[in-house]
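Reckoned from all heavy atoms, side chains included, excluding hydrogens, waters and symmetry mates. Small disclaimer: the values here were computed from a predicted structure and weren't measured.
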Amino acid sequence: MKSLTKWLFCFCLPAWLATGCDSKSNITITDPPDPICETHYIYKNESSFDIEIVYTSATTDRREGESVQIKRGDEYKVLQTNNPGNFSPLNLLYPEGGTGRITISNGIVELSYRSIHTVEHSVYDEQSYVRTKDEKNLLYLTYYTYTFTDDCFKDGTPIGEKE
C-alpha cells in the first residue's frame with residue numbers, strides 16, 4: 001500500500017505543478033481602492049420655535065438656491081461627499097460659486113452671516129460644532145453637529161428691520 005501511494009504521489013505531483021504555475025494566468029494584483037470620505041452635518045433645533053435657513057444673494061437681496069425648515073425638536077442632515085475633510089457647512093444651499101449670506105430665522109428674529117466670513121459662535125464657526133469621527137474599513141466618516149437653542153437668537157435682528 002505504501003509503494004502504491006508513493007507511485008501515485010510521484011505521478012500526480014508533476015501534473016498538479018504543471019497546471020498551477022502558468023505565468024500567463026489572468027490573476028492580477030491591484031492597488032487597494034481609495035478610501036471613501038463622507039462629511040455629515042447635523043443641525044438640531046432645540047429652540048422654542050421652528051427655524052428657517054435661507055441663502056440670499058450678495059448683490060440682489062433675493063433668495064437663491066434652497067431654503068431649509070427645521071421644526072422644533074427636529075433635525076436637518078446634510079451629507080457631503082465632494083469636499084472630504086474640509087469644514088464647509090451649509091455649502092449645499094449655495095448656488096454654484098455663491099458668496100452671499102445665510103439668514104437663519106425663528107419667525108421673530110433673524111441672524112445673517114456672510115458665507116465667506118467666520119463669525120464666532122455661528123454656523124460658520126467650527127468650534128460651535130460637536131465633531132465625531134468613525135472609520136469602517138475604507139469608509140471614513142466625520143460628523144459635525146450644531147444645535148440651535150433660544151440663546152442662538154438672543155442677538156438677532158427683529159424680522160423686517162435691516163441690519
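- The distance from atom CG of L79 to atom OG1 of T39, rounded to the nearest 0.5 Å, is 8.5 Å.
- Contact annotation: the side chain of Y129 never approaches that of Y143 to less than 4.5 Å [non-hydrogen atoms, C-beta and beyond].
- Side-chain atoms of L141 and H40, non-hydrogen and from C-beta on, do get closer than 4.5 Å to each other.
- Judged purely by distance below 3.5 Å, without hydrogens or angles, the side chains of Y43 and Y144 never pair a donor atom with an acceptor atom.
- Side-chain contact between I159 and V109 is absent, with no heavy atoms from C-beta onward closer than 4.5 Å.
- S48 meets the side-chain contact (heavy atoms from CB on, under 4.5 Å) test with D150; sequence neighbours excluded.
- Taking the side-chain contact (heavy atoms from CB on, under 4.5 Å) definition, one finds that T103 meets it with T56, R101, E110, S112, sequence neighbours left out.
- Counting heavy atoms from C-beta on, the side chains of F153 and D151 never come closer than 4.5 Å.
- Judged as a side-chain hydrogen bond (donor to acceptor under 3.5 Å, both in side chains), and not counting sequence neighbours, the contacts of N45 are S47.
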Stepwise side-chain contact (heavy atoms from CB on, under 4.5 Å) test for K44 and T145 = CA-CA 7 Å; K44 293 183 176 182; T145 303; 4.0 Å; yes
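- Taking the ring-ring contact (aromatic ring centres under 6.0 Å, His included) definition, one finds that F148 meets it with Y146, sequence neighbours left out.
- Hydrophobic clustering (side-chain heavy atoms under 4.5 Å, transitive across Ile, Leu, Val, Met, Phe, Trp, Tyr) keeps V130 apart from V78.
- For V54 against S67, the heavy-atom pair with the smallest separation is CG2-CB, 3.9 Å.
- Listed by first and then second residue, the salt bridge (Lys or Arg N to Asp or Glu O under 4.0 Å) pairs that reach into residues 69-80 are E75-K77, sequence neighbours excluded.
- Residues T142 and E38 are not in side-chain contact: their nearest non-hydrogen atoms beyond the backbone lie 4.5 Å or more apart.
- Once rounded to the nearest 0.5 Å, the distance linking CD of Q69 with CD1 of I51 reads 11.0 Å.
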